[in-house]
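What follows is a short report on a single structure.
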Amino acid sequence: MLFKRDKPMDERTLDHLAESAADLIFRSKKIVAFTGAGVSTESGIPDFRSPGGIWDRFDPDDFTYQKFVGSADARRKQWQLLWKDRLTETVQPNPAHYAIAELDRRGKLDCVITQNVDSLHQTAGVPDDKVLELHGSMRRVLCLQCGRRYPMAEIKKRLYDGEEVPGCEACHGILKPDVVLFGEALPDAVFSEAAFRAEHCDLFIVVGSSLVVYPAAQLPAYAADSGATLIIINLSETPMDRQASILIRAKAGEAMTRIMQKLAKKMNG
Ligand code: APR
């Protein structure tokens, strides 16, 4: 399933909507930012469902949990295609990540709920305890047999030294990045905390997600159903567009930067 990108909106419309979004943020106390792969594309990490994205080039069926544990060849493929090059250490936050971190510095951010596993929100300055990583994180690798954990940097070195399917040094078990694969359940505690936060915020801002992967995609609806105002910043349409009070068809970096500039004027008086 690929989503063609809508035409980004014109300058005047963007400016007007950024003003309205800044006004909503100014008047809100508990903001949840909900992010997907689209918040990291300007950092050079391809998303999944845009033309040219990951699922435009690879078949998601090859990347399920069952296949990963069932076949060394599937593990080789996942390590090589999904992980080895996607998250090199050189990947840096972009203006959208920094804008969300500024929301936190301004005392506006309740938390970030992210589907991403790149830890760029933390790198941009959002405290770890304010980032709910629904799909896990690439910072950690764990052994599915003995539970031993490894820092990803250590495993990456082994990959770059030519090891194709890294195994556990202690028990030779299967090593898997601590990310949720298709067919694998989300960590319960994280999802229920995210649902609670969505249901108790006053403003829910979606940045860069197609909102088609469940259960994560339920969260904007939980927020709206609990009375929160919804803002969506996304280059293509989402199933929640009609419920958004403000819908911005623009690149996350540009939209968020403009919103934060307008917020700064309101907050600094
Ligand atoms: N600015 C704004 N929107 C963007 C940008 C950008 N710079 N770049 C991409 N987008 C939009 C795309 O138009 C698309 O609608 O971001 C959205 C990204 O959607 P997906 O690629 O589907 O990513 P995501 O929503 O995070 O997918 C959820 O699916 O494959 C699984 O586990 C994977 O966490 C991922 C989940």
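We count ligands from 1, going down the list as the structure has it; atoms in each ligand are counted the same way. Quick caveat: nothing in here was measured; it's all calculated off a predicted structure.
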| Could a heavy atom of A250 be found less than 4.0 Å from some atom of ligand 1? |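 Judged by the 4.0 Å heavy-atom criterion, A250 does count as contacting ligand 1.
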| said: Contact between ligand 1 and G53 is defined here as a heavy atom of the residue under 4.0 Å from a ligand atom; is it met? | reply: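 Under 4.0 Å: no for G53.
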| query | Quick one: are the ring centres of F34 and F204 less than 6.0 Å apart? | reply |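 Yes; F204 has its ring centre under 6.0 Å from that of F34.
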For ligand 1, which atoms have a heavy atom of [X] less than 4.0 angstrom away?
X: S50; answer: 12 (C), 13 (O)
X: E42; answer: 1 (N), 6 (C), 7 (N)
X: G36; answer: 26 (O)
X: F182; answer: 30 (O), 31 (C)

So which of [options] gets nearest to [atom], if we judge by its closest heavy atom?
atom: atom 26 (O) of ligand 1; options: A37, G136, P51; result: A37
atom: atom 14 (C) of ligand 1; options: S236, G38, S43; result: S236
atom: atom 36 (C) of ligand 1; options: L235, N234, V213; result: V213
atom: atom 29 (O) of ligand 1; options: Q115, H135, R49; result: R49

For [X] and ligand 1, does the shortest N/O to N/O distance drop below 3.5 Å?
X: F48; value: yes
X: K251; value: no
X: I233; value: no

| Heavy-atom check, side chain of K30 versus side chain of H200, under 4.5 Å |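 Of all side-chain heavy-atom pairs linking H200 with K30, at least one is under 4.5 Å.
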Looking just at side-chain N and O atoms, do [X] and [Y] make a donor-acceptor pair shorter than 3.5 Å?
X: T238; Y: D241; value: yes
X: T41; Y: D47; value: no
X: T35; Y: H121; value: yes
X: N94; Y: S43; value: yes

| query | Should the ring pair F182 and W55 be called parallel, tilted or perpendicular, given that the plane angle runs from 0 to 90° and is split at 30 and 60? | reply |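 Answer is tilted, since the angle falls between 30° and 60°.
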| field | Nearest-0.5 Å distance that lies between atom OG in S20 and atom CD1 in I248 | value |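 S20 atom OG to I248 atom CD1 measures 8.0 Å (nearest 0.5 Å).
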| Backbone N or O of V69 within a donor-acceptor pair of the R75 side chain at under 3.5 Å? |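 At least one qualifying donor-acceptor pair exists.
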| query | Which part of A96 is near ligand 1, with near meaning a heavy atom under 4.0 Å away: side chain, backbone, both or neither? | reply |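 Within the 4.0 Å criterion, A96 makes no contact with ligand 1.
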